[in-house]
Asks: 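One structure coming up, written as structure tokens, with questions to follow.
Just follow the structure's listing: the first ligand is 1, and inside any ligand the first atom is 1.
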Amino acid sequence: MDYNKLAELLFPNVTDTCEDVERRYPPRDLPEGAKVTRFAPSPTGFIHLGGIYGSMIDERLAHLSDGVFYLRIEDTDAKREVPGAAVELIKTLAEYGMEFDEGAAIGEDGEICDKGNYGPYRQSERAHIYHVYAKKLVSEGKAYPVFTTKEELDQLNATDKKAEVKSKVWTEESASAQREEMLKQREFTLEEVEAHVAAGDPFVLRILSEGDGEKKTKVGDLVRGALELPENDEDFVLLKSDGIPTYHFAHAIDDHLMGTTHVIRGEEWLPSLPKHLQLFKYLGFKMPKYLHTAQIMKLDENGNKKKLSKRDMGLDMKDYKRGGYLPECVCEYIMTILNSNYDEWRMQNPEKSYKEFPFSFKKMSNSGALLDFAKLTDVSKNIISRLTAEEVYDKLLPWAEQYDPGFASVLAADKAKAIRILSIGRGGKKPRKDLATWADAKPYMALFYDEFFSVCDEYPENFDKECISGALKKFLETYDFSDDMNLWFEKVKKIADEMGFASDMKAYKASPESYKGNVADISSFIRVAVTGKRSSPDMYEVMQILGNDTVVSRINDAIAKLS
Ligand code: GLU
């Protein structure tokens, strides 16, 4: 077979050579050991936790080595593409602090554009490049076309949307039958091809595999170590009938031209590795290093590990946004799953950014990371407790504007008041940890706003109504808004003494039976009446923010309710 002629018949419009293309993508000029990584999402929906997890590994490996981290949009599957998803992906990645050095970006007009010299960074714009390499493989007898008629194709598409011309899944059961079929397809003449081309028939381009499925080949994975996988013996598709490349073909060409040194991707691609080995070899490209990340798991009702599915909370980053999780908290949490020594480092370096942590893939585990919301909550509370009240306000308000407009308007109406509330217990060695998400803010702050305040009568048990209202009445008799904290507390203690409650906790502990209760009980009566809750931030500070009138009227209401 004259393969050059075959290549010319199939790709008459391709005039560039591979050398022409390579010249446009010179090797990158980077320091020794610099890693070039990419995040390569398909715009088929909103980004998932696994995507943030993977892109963080990419980002850390590149930036800790003075390398390059870029974004490539893998939009080769037009049928699965969701309009607007690519723009949304880019925005979400930015929210999560993924600073790309180059790649697809959003331009001033709001449309996607390319930033950097190794583009285009959207695969849909790279068809001409793939065809140059496809032509080369055909001319070397390493790839061949399988034609079909337009009618056959239409029929196929009608019966099975996913079906590409005779591109069936290579399963063990059907392997021998498929192999026979595949080998038959390798047999054709140039005349047949000429006739098809003249008729305008579409074709898919398949690789002519040289592997032996019975034999094993060794491939390395940075986390899993050396793997033994069967050689590729499948003539897998390189170009689909519309001329668009498959993932495999685009991966090899793009990562080669863009100079990727480390490919970090989901473990679902692990079985395809022999295909990629074959392709890189045929194309004469150096293989990048691979790191296949394990799926994120959750514990099911029976305590068994289970893959996080679409229906589970915590897969889709939209859930986190709606739930008011702070992106930096999610990133911090992901670091704790990525490297087991992270928690220890964090304890020693409470103020530093996670980006200062010496992240290493060598400390990654290859078993599925377990999504643990309790841990995420802990990590988030710590981070939010270290923000200033102003920072909290500036982040909370936009969230509330989107997800709780009623709350947002209250926050916006009196910023100074909101900041005062958020300042309670902030700063110092042991800051309060009330908020894990922005959704926690309204229940926490509600007591300060009449719009959201709700009366509650969950006073401590063991005390009758008269006793409680008696204490509240006494409190009102001497309450003076201008008292300082000490005087305020002295007055509460005095009420305790007068009512037969212990004002001194030591004395109370020594003989509790001698008292009706202690000063903490008196405080609780006041707290429930004023805040509607059994626990709240410091009562004195709360009252200072509420103001004299609100304090007095809430206590009067409580007394009325108790009588
Ligand atoms: N577009 C592929 C995916 O979303 C990317 C895999 C890779 O990073 O190579 O699964």
Asks: Taking heavy atoms and a distance under 4.0 Å, where does His251 meet ligand 1: side chain, backbone, both or neither?
Replies: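 Neither part.
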Asks: Is it true that Ser42 lies under 4.0 Å from ligand 1, counting heavy atoms only?
Replies: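 Contact present.
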Asks: Give a yes or no on whether the backbone of Gly119 and the side-chain of Tyr25 come within a donor-acceptor separation of less than 3.5 Å.
Replies: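 Yes: the side chain of Tyr25 pairs with the backbone of Gly119.
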Asks: Identify, for atom 10 (O) of ligand 1, the protein heavy atom at the shortest distance, and state residue, atom and that distance.
Replies: Trp269 NE1, 3.2 Å
Asks: Would you call the rings of Phe285 and Tyr133 parallel, tilted or perpendicular if under 30° counts as parallel and over 60° as perpendicular?
Replies: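 Because their plane-to-plane angle is over 60°, the rings of Phe285 and Tyr133 count as perpendicular.
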Asks: Kindly indicate whether a cation-pi arrangement holds for Arg72 with Phe100, taking the cut-offs as under 6.0 Å to the six-membered ring centre and within 45° of the axis.
Replies: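 So Arg72 doesn't make the cation-pi contact.
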Asks: Would you check whether Tyr247 has a nitrogen or oxygen atom less than 3.5 angstrom from a nitrogen or oxygen atom of ligand 1?
Replies: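 Yes; the residue has a nitrogen or oxygen that sits under 3.5 Å from a nitrogen or oxygen of the ligand.
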Asks: Nearest non-hydrogen contact with atom 2 (C) of ligand 1 belongs to which option: Glu74, Gln123, His276, Glu268?
Replies: Glu74
Asks: Which of these, Ser124, Pro43, Pro120, sits in a side chain to side chain contact (heavy atoms under 4.5 Å, CB included) with Ile73?
Replies: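 Of Ser124, Pro43, Pro120, side chain to side chain contact (heavy atoms under 4.5 Å, CB included) with Ile73 is met by Pro43 alone.
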Asks: According to ring-ring contact (aromatic ring centres under 6.0 Å, His included), does anything in residues 226-250 pair up with another residue at least two apart or in another chain? List the pairs.
Replies: Phe236-His248, Tyr247-His251, Tyr247-Trp269, Tyr247-His276, His248-His276
Asks: Ignoring hydrogens and angles, tell me if any N or O in the side chain of Asp221 forms a donor-acceptor pair with the backbone of Gly225 under 3.5 Å.
Replies: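 Flag not set: sc Asp221 to bb Gly225 has no pair under 3.5 Å.
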Asks: Please report which non-hydrogen protein atom sits nearest to atom 5 (C) of ligand 1, along with the residue it belongs to and the distance in Å to one decimal place.
Replies: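 It is Ala40 O, 3.1 Å.
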Asks: Checking a contact table here: which protein heavy atom is nearest atom 8 (O) of ligand 1, and how many Å away?
Replies: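 Answer for atom 8 (O) of ligand 1: Arg38 NH1, 2.7 Å.
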Asks: Relative to the heavy atoms of Arg265, which atoms of ligand 1 are at a distance of less than 4.0 Å?
Replies: 7 (C), 8 (O), 9 (O)
